[in-house]
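Below you'll find the structure, written out as structure tokens, and then a few comments.
Since the model is a prediction, treat every value here as computed from it, not as a measurement.
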Amino acid sequence: MSKSTTTPREERPAADVVADAEGALCFIVRTAPAGAALLLRRRGGTAPEDELRLPLDGTGADGPHAVLPGDVTLPEGRWNVHLAPPEGKSVRLAPGLNDLRALVDRDIEGDATVRARIPYKTVESNLSLVAWHRSPHAEAADLHVTGATLRVGGRLYGAWLAPSATLEARRRTDDGDGSWEPMAPVTVQGPRFEAGLP
């Protein structure tokens, strides 16, 4: 693996990230030399699968861009995003704008595993991705407060709900040892569920 450097924020190239409904991420690099590539490196990783190089296409209207397809699985972890010039050291990219609207209502019909790759800005103002995979995994989609009841609707991936399923809410505590709080029976409709928590 090649070494990378962090250059001052004002000199570093930045990348906007746009997601599509299939989970692909398009990185639009504002300035990049010809022949450069986008380089993803998993933090702490040393294996070949901990590095992924994506070609930059220089024909985009908003600047050179690279696409991480939705069907490419990144090993779980945090991934640093670099610009790799044709020669010399790679440079960490600064974060630009993230347009993740297409992921909000994404419905992964028939998929037993939920895979996520979410771009974010680190405390050092670098662009990174977090990747995770969950199976089974429950997603809450609809939250409504009616009187003294919180109605929760969502979907379960990678498993099926029994008619006796319940929804449980756990209070988060600083020591991570939360007690189980309200429980409510769940209305089951295939993989979808709805329940009302007091």
(message) Could you check whether any side-chain N or O of Asp20 sits under 3.5 Å from a backbone N or O of Glu22, counting only pairs where one atom can act as donor and the other as acceptor?
(response)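 At least one qualifying donor-acceptor pair exists.
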(message) Quick one: does any side-chain atom of Arg42 pair with a main-chain N or O of Glu76 as donor and acceptor, under 3.5 Å?
(response)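 Judged by distance alone, yes, a pair lies under 3.5 Å.
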(message) With a 6.0 Å cut-off (strictly less than), is the heavy-atom count around CD of Glu49, excluding the residue itself, greater than 12?
(response) yes
(message) So for atom CD, which belongs to Gln189, do other residues, nucleotides or ligands contribute more than 12 heavy atoms lying within a distance under 6.0 Å?
(response)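 Not buried by this count: 12 neighbours or fewer within 6.0 Å.
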Would [X] and [Y] pass as an ion pair if we require N to O under 4.0 Å?
X: Arg155; Y: Glu194; result: no
X: Glu51; Y: Arg41; result: yes
X: Asp50; Y: Arg43; result: no

(message) Run the side chain to side chain contact (heavy atoms under 4.5 Å, CB included) test against Thr73 and tell me which residues pass, sequence neighbours left out.
(response)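 Here the qualifying residues are Arg115, His133.
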(request) Could you tell me which residues satisfy side chain to side chain contact (heavy atoms under 4.5 Å, CB included) with Pro198, sequence neighbours excluded, listed by chain and number? (result)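 Per chain and number, Pro198 pairs via side chain to side chain contact (heavy atoms under 4.5 Å, CB included) with Pro182.
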Distance from [X] atom [atom1] to [Y] atom [atom2], nearest 0.5 Å?
X: Lys121; Y: Asn98; atom1: NZ; atom2: CG; answer: 11.0 Å
X: Arg53; Y: His82; atom1: CZ; atom2: NE2; answer: 10.5 Å
X: Ile118; Y: Trp132; atom1: CD1; atom2: CH2; answer: 7.5 Å
X: Asp142; Y: Arg192; atom1: CG; atom2: CZ; answer: 9.0 Å
X: Leu74; Y: Leu129; atom1: CG; atom2: CG; answer: 7.0 Å
X: Leu39; Y: Ser90; atom1: CG; atom2: OG; answer: 5.5 Å

To check you understand the geometry: which heavy-atom pair defines the closest contact between [X] and [Y], and what is its length?
X: Ala36; Y: Leu83; value: CB-CD1, 3.9 Å
X: Ala184; Y: Gly196; value: CB-O, 3.1 Å
X: Pro136; Y: Ala159; value: CB-CB, 3.9 Å
X: Arg92; Y: Ser128; value: NH2-OG, 3.1 Å
X: Pro75; Y: Ala131; value: O-CB, 3.9 Å
X: Ala32; Y: Pro64; value: CB-CG, 4.1 Å

In the structure I gave you, are the side-chain heavy atoms of [X] and [Y] within less than 4.5 Å of one another anywhere?
X: Leu68; Y: Leu40; value: yes
X: Glu139; Y: Tyr157; value: yes
X: Arg78; Y: Tyr120; value: yes
X: Leu127; Y: Val17; value: yes
X: Lys89; Y: Val91; value: no
X: Val18; Y: Leu97; value: no

(request) Treating Ile, Leu, Val, Met, Phe, Trp and Tyr as nodes and any side-chain heavy-atom pair under 4.5 angstrom as an edge, say whether Val29 and Leu52 lie in one connected cluster. (result) yes
(message) According to side-chain hydrogen bond (donor to acceptor under 3.5 Å, both in side chains), who are the partners of Arg117, at least two apart in sequence or on a separate chain?
(response) none
Remaining members of [X]'s ILVMFWY cluster at a side-chain heavy-atom cut-off under 4.5 Å?
X: Val67; answer: none
X: Val188; answer: Leu143, Val145, Leu150, Val152, Leu156, Leu161, Leu167, Val186, Phe193, Leu197
X: Trp160; answer: none

(message) With side chain to side chain contact (heavy atoms under 4.5 Å, CB included) as the test, pick out the partner of Val81 among Leu93, Thr122, Asn126.
(response) Leu93
